[in-house]
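Since the structure comes first, as structure tokens, the remarks are kept for the end.
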Amino acid sequence: MILRNKGMICFGETDWDHGTASDEIYCISTVTTFEPPYAGQPPAPTVRTVHSEVYEDVDAGGSYSSGQILYIGEDRELVLAVTCMEQDQGDADELTAKVKAAAEIAAVAGHAGGYDVPDWAPGVLAEIGTALVGGGDDNLGTDTKVFRAGELTALANGGLKVEQGIQHHFFTFHNGEGSTYKFYFDIVL
């Protein structure tokens, strides 16, 4: 199974972007799965974090495509946390590394505490928000999706939807600083 970022649509730009006429948008995607580190051992959290390209000159009504691969593996329990960022003076690579570290802390703590995924996933949001404070870019919101084993396959088998030319199975919703964005994702079996 492959989980891909298929792009985004801007439904409304930020209220103020340091004097420019358009937004510069990227997303930081964190995929947490639970996999045995070695054969015969119990599952442990594995965190993968990447950022999309920075979409330049983003205007309301625009759609922007992608094909970025976020996960390749079995359809297992998976948490996807997507943070929409508006680039100002920050470094996307540096902020992505901070988000990965924060997500690892939340996932390991929640898992070690024996909490079920839906119970500790909100902690990931809090850790991501804290990691991005003072990073130089605007955090336009994080949306988290929790999938049980088999749910991504069911979504894929349910067929694709299309919005402004972007084919997808589901989306995340982000609004902050007066803006509204959706990022779209598909699943390939």
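Both backbone and side-chain heavy atoms feed into the values below; hydrogens, waters and symmetry mates do not.
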Inset, instruction - Evaluate the criterion side chain to side chain contact (heavy atoms under 4.5 Å, CB included) for residue pair R4 and Y71; output intermediate values, then yes/no. - result: CA-CA 7 Å; R4 300 185 298 186; Y71 172 75; over 6 Å; no
Inset, instruction - Before giving the answer on side chain to side chain contact (heavy atoms under 4.5 Å, CB included), spell out for E13 and S179 the whole-Å C-alpha distance, their side-chain angles and the decisive distance to 0.1 Å. - result: CA-CA 5 Å; E13 298 173 58; S179 69; 5.6 Å; no
Legend entry - Verdict with reasoning, T33 to R48, per side-chain hydrogen bond (donor to acceptor under 3.5 Å, both in side chains): CA-CA 9 Å; T33 55; R48 299 163 187 87; 3.0 Å; yes
Legend entry - From CA spacing to verdict: side-chain hydrogen bond (donor to acceptor under 3.5 Å, both in side chains), D23, Y181: CA-CA 11 Å; D23 286 347; Y181 286 92; 2.6 Å; yes
Legend entry - side chain to side chain contact (heavy atoms under 4.5 Å, CB included) between L160 and Q167, worked out: CA-CA 6 Å; L160 288 166; Q167 294 185 332; 3.6 Å; yes
Inset, instruction - Quick one: do E24 and V58 satisfy side chain to side chain contact (heavy atoms under 4.5 Å, CB included)? Show the steps, please. - result: CA-CA 6 Å; E24 296 76 37; V58 174; over 6 Å; no
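L70 and I166 are not part of a single hydrophobic cluster, where members link through side-chain heavy atoms under 4.5 Å apart. Under a hydrophobic-cluster definition in which Ile, Leu, Val, Met, Phe, Trp and Tyr are linked whenever side-chain heavy atoms come within less than 4.5 Å, directly or via other members, V47 and L80 are assigned to different clusters. M8 and V162 fall into different hydrophobic clusters, where Ile, Leu, Val, Met, Phe, Trp and Tyr are joined by side-chain heavy atoms under 4.5 Å apart, directly or via other members. Under the 4.5 Å side-chain heavy-atom criterion for grouping Ile, Leu, Val, Met, Phe, Trp and Tyr, V50 is connected to F147 within one hydrophobic cluster.
The OG atom of S66 sits 10.0 Å away from atom CG of D186, with the distance rounded to the nearest 0.5 Å. Between Q164 atom CD and F11 atom CZ the span is 5.5 Å, to the nearest 0.5 Å. Atom NE2 of H51 is separated from atom OG1 of T96 by 4.5 Å, given to the nearest 0.5 angstrom. Atom CG of D88 and atom CG of D138 lie 4.5 Å apart (nearest 0.5 Å). The structure places CD of E53 at 9.5 Å from SG of C27, a figure rounded to the nearest 0.5 Å. Between L152 atom CG and I2 atom CD1 the span is 12.5 Å, to the nearest 0.5 Å.
Under a 3.5 Å cut-off, the side chain of D59 and the backbone N or O of S22 do not form any donor-acceptor pair. Although no hydrogens or angles enter the test, the distance criterion places no donor-acceptor pair under 3.5 Å between the side chain of D143 and the main chain of V82. The closest donor-acceptor contact from the side chain of H168 to the backbone of F185 lies at 3.5 Å or more, if one exists at all. The backbone N or O of R148 sits less than 3.5 Å from a side-chain atom of E151, completing a donor-acceptor pair.
Taking 4.5 Å as the limit, some side-chain heavy atom of I9 sits within range of a side-chain heavy atom of E163. Side-chain contact between N139 and M85 is present, with heavy atoms from C-beta onward closer than 4.5 Å. F34 is not listed as a side-chain neighbour of R76, based on a closest heavy-atom distance of 4.5 Å or more. With contacts defined as side-chain heavy-atom distances shorter than 4.5 Å, the pair D137/Q87 qualifies. Between L78 and L3, some side-chain heavy-atom pair lies under the 4.5 Å cut-off. Between V99 and L132 there is a side-chain heavy-atom pair separated by less than 4.5 Å. Residues C84 and I25 meet the side-chain proximity criterion, which asks for heavy atoms closer than 4.5 Å. Considering only heavy atoms from C-beta on, K145 comes within 4.5 Å of F170 through its side chain.
What you find for T32 and P45 is that their closest heavy atoms are CG2-CB, 4.2 Å. Among all heavy-atom pairs drawn from I28 and Y26, the shortest one is CG1-CE1, 3.8 Å. Nearest heavy atoms, A60 versus G12: CB-CA, 4.1 Å. Minimum heavy-atom separation, E86 to T14: CG-CG2, 4.0 Å.
Counted within 6.0 Å of CD on E74, heavy atoms from surrounding residues, nucleotides or ligands total 12 or fewer; the atom is thus considered open.
Salt bridge annotation for K98-E104: absent, with no cationic side-chain nitrogen under 4.0 angstrom from a carboxylate oxygen.
Counting only N and O atoms by type, the side chains of N5 and Y184 include no donor and acceptor under 3.5 Å apart. T180 and N175 form no side-chain donor-acceptor contact under 3.5 Å, judged by distance and modelled atom types alone.
In this structure, K182 satisfies the cation-pi test against F171, with its NZ or CZ atom closer than 6.0 Å to the six-membered ring centre and inside 45 degrees of the ring normal.
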